[in-house]
2 protein chains.
Amino acid sequence: MSRAEQKERTRRAIINAAFSQLSADKSFASLSLREVAREAGIAPTSFYRHFADMDELGLTLVDEAGLMLRQLMRQARQRIEKNGSVIRTSIETFMEFVTGNSNVFRLLLRERSGTSAAFRSAVAREIQHFVAELAEYLRKETTCPDELARAQAEAMVTLVFHTGADALDAPPEQYAYLTSRTITQLRWLAHGAASYGRKPKE
Amino acid sequence: MSRAEQKERTRRAIINAAFSQLSADKSFASLSLREVAREAGIAPTSFYRHFADMDELGLTLVDEAGLMLRQLMRQARQRIEKNGSVIRTSIETFMEFVTGNSNVFRLLLRERSGTSAAFRSAVAREIQHFVAELAEYLRKETTCPDELARAQAEAMVTLVFHTGADALDAPPEQYAYLTSRTITQLRWLAHGAASYGRKPKE
DNA sequence: CCGTTTAGCTTACAACTGTTCGCTCATTCT
DNA sequence: AGAATGAGCGAACAGTTGTAAGCTAAACGG
């Protein structure tokens, strides 16, 4: 096996080990280099051949999580074309992501307000992709001026993200309720922004 | 000095030490019993005379933070009576809390999605106070049916809380923008909910 | 006033942590 | 073929952590 190939392989082993150790009661900050190395099947010191420290690993994880999010968006667009209902399809796709990759979502959720400024801004950047794309859609579909389209998109993403967080601690039989509640909230926003589009005076 | 009195005094010293060690780059999870004890001016083992473990301390901190939040609400009500503008006054009061007690707000923000289920539900409970109170207000002031008043209140609290989180990483000159953006979002919600109050068919 | 209670201390231990150093040995380059 | 590279390893070190055991001395209750 080629050397570069093998190196990439154990690099992946490290990343996978880290992801698999994340859980409801274990955050990235509570992972230890030694534990990750152990699960990846390498000596603790070999870790340094791939990452300078745990922070570098963490940023890599956030990047990968962001990648998954973007793939998700692409998937949602395809579904919308076939299905029609924009809001419902988007949320349902997102909820599937949250429940199917809860560790990945938890990583983003936690590091968004975590103790590392680098992590926080990395997560913020990933979420901005969501917001920017949604804002552009709103600009096309509605008569909303640019500035307000962005504010509307931010509110929507905030609400959806928050619903994902709720779902992590809710029993599955509540997913349907959470989803429909969020749909209602988004419709309010859309409707309010449309008929109240002029900038408020005060 | 009375014994009970002295005990309460060092208990407070522990709590204060914990609060003061929280910061942008230090979460409660990253506090150590020994560090807290050191700053409180007691031996590590004396900690156990007051709390069974760090988790118990943490729950106490969350309780105290919730208390501050409720005091804040009371203060906001008073201001509203004198000032009039409900939404703007509420948000400005909240933003003052966030910037003036950022460590306290950070505690709630982080433990809301932290690694301890007990912490998460404790924070959720504190936030529910906000939601319940706002929902009741909406029921009185508007024609919104109960169920929808709650959903509206939840969305509003979510947006305001999120804005607080944004403020933590934003330079002070952006506070005004964040505030006005959120005001716009809340008005959309209120307007949308009022004119779109009937439950959506799908 | 004397026995009990108890907050706080010192000492100690075992379990981890991240990181340095020097080595091996298979792959790669010349 | 021979030299250089570099992934991975084992041993070791200096810190830190939570917590147990037992003591002291001051406040308390009878």
Side-chain angles (χ1 to χ4, degrees), chain A residues 1-23 25-62 107 110-111 114-119, chain B residues 1-23 25-62 107 110-111 114-119:
Chain A
M1 185 174 346
S2 120
R3 187 132 80 174
E5 191 180 348
Q6 171 59 28
K7 177 162 187 179
E8 181 56 27
R9 187 177 294 226
T10 82
R11 183 186 149 95
R12 278 243 62 88
I14 293 175
I15 294 175
N16 292 339
F19 265 129
S20 92
Q21 293 195 357
L22 295 177
S23 73
D25 8 62
K26 207 150 193 179
S27 71
F28 180 79
S30 66
L31 297 188
S32 87
L33 185 152
R34 289 178 107 105
E35 258 183 306
V36 171
R38 205 175 304 139
E39 177 156 339
I42 61 174
T45 53
S46 302
F47 178 93
Y48 295 104
R49 300 285 183 199
H50 302 271
F51 301 97
D53 50 31
M54 284 294 279
D55 281 9
E56 204 172 294
L57 207 210
L59 289 178
T60 305
L61 295 193
V62 172
L107 176 75
R110 285 173 175 160
E111 299 310 325
T115 55
S116 155
F119 281 32
Chain B
M1 182 172 350
S2 121
R3 187 132 81 174
E5 192 180 348
Q6 172 60 27
K7 176 162 186 179
E8 181 56 26
R9 189 176 294 228
T10 81
R11 183 188 149 96
R12 278 244 61 88
I14 293 174
I15 293 176
N16 292 339
F19 265 127
S20 93
Q21 293 195 358
L22 294 177
S23 73
D25 14 59
K26 206 150 192 179
S27 70
F28 179 79
S30 67
L31 296 189
S32 86
L33 185 152
R34 289 178 105 105
E35 258 183 305
V36 171
R38 206 175 303 139
E39 177 155 338
I42 61 173
T45 53
S46 301
F47 179 93
Y48 295 105
R49 301 284 184 200
H50 303 270
F51 301 96
D53 50 31
M54 285 293 281
D55 281 9
E56 205 172 294
L57 207 211
L59 289 178
T60 304
L61 295 192
V62 171
L107 177 75
R110 285 172 175 161
E111 299 310 325
T115 55
S116 154
F119 282 32

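Below, all heavy atoms of this structure are taken into account, side chains as well, without hydrogens, waters or symmetry copies.
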Legend entry - B:S32, nearest nucleotide to its side chain (from D:dT17, C:dT28, D:dA12): D:dT17
Inset, instruction - Not counting sequence neighbours, which residues clear side chain to side chain contact (heavy atoms under 4.5 Å, CB included) with A:A40? List them please. - result: A:A13, A:I14, A:A17, A:I42
Inset, instruction - Report yes if the side chains of A:F28 and A:M54 come closer than 4.5 Å at any heavy-atom pair, otherwise no. - result: yes
Inset, instruction - Rounded to the nearest angstrom, tell me the gap between atom CD in B:E5 and atom C1' in C:dG8. - result: 17 Å
Legend entry - Any B:R38 side-chain N or O less than 4.0 Å from OP1/OP2 of D:dT17: yes
Inset, instruction - Give the minimum heavy-atom separation between A:R11 and A:H50, together with the two atoms involved. - result: CB-ND1, 3.9 Å
Inset, instruction - Would you mind reading off the distance between B:M54 atom CE and D:dT16 atom P, rounded to a whole angstrom? - result: 17 Å
Inset, instruction - Check whether any side-chain N or O of B:Q6 sits under 4.0 Å from OP1 or OP2 of D:dA26, and answer yes or no. - result: no
Legend entry - Closest-nucleotide 5' rank along DNA chain C - winner of B:S46 and A:A52: B:S46
Inset, instruction - Measure from CG on B:L57 to P on D:dT19 and round the result to the nearest Å. - result: 13 Å
Legend entry - Spacing between B:Q21 atom CD and D:dT17 atom P, to the nearest angstrom: 10 Å
Legend entry - Side chain of A:K7 (C-beta onward), nearest among C:dG18, C:dC9, D:dA7: D:dA7
Inset, instruction - Taking the side chain as every heavy atom from C-beta outward, state whether B:Q21 and B:R38 have any atom pair closer than 4.5 Å. - result: no
Inset, instruction - Using the closest heavy atom to pick a nucleotide of DNA chain D for each, name whichever of B:L33 or B:A4 lands nearer the 5' end. - result: B:L33
Inset, instruction - Determine whether any donor atom in the side chain of B:R34 lies under 3.5 Å from an acceptor atom in the base of D:dG18, or the reverse, and answer yes or no. - result: yes
Inset, instruction - Report the distance from atom CZ of A:R11 to atom P of D:dG8, rounded to the nearest whole Å. - result: 12 Å
Inset, instruction - Answer yes or no: is there a side-chain heavy-atom contact under 4.5 Å between A:I15 and A:F51? - result: yes
Inset, instruction - State which of D:dG8, D:dG10, C:dG8 makes the closest approach to the side chain of A:T45. - result: D:dG10
Inset, instruction - For B:E35 and C:dT17, give me the distance from atom CD to atom C1', rounded to whole Å. - result: 14 Å
Inset, instruction - Measure from the side-chain heavy atoms of A:R3 and tell me the nearest of C:dA12, D:dG6, C:dG8. - result: D:dG6
Inset, instruction - Would you mind reading off the distance between B:I42 atom CD1 and C:dT10 atom P, rounded to a whole angstrom? - result: 12 Å
Inset, instruction - From the options C:dA7, D:dG18, C:dT28, select the nucleotide whose nearest atom is closest to the side chain of A:S2. - result: C:dT28
Inset, instruction - Could you tell me the separation between the CZ atom of A:F51 and the C1' atom of C:dG18, rounded to a whole number of Å? - result: 17 Å
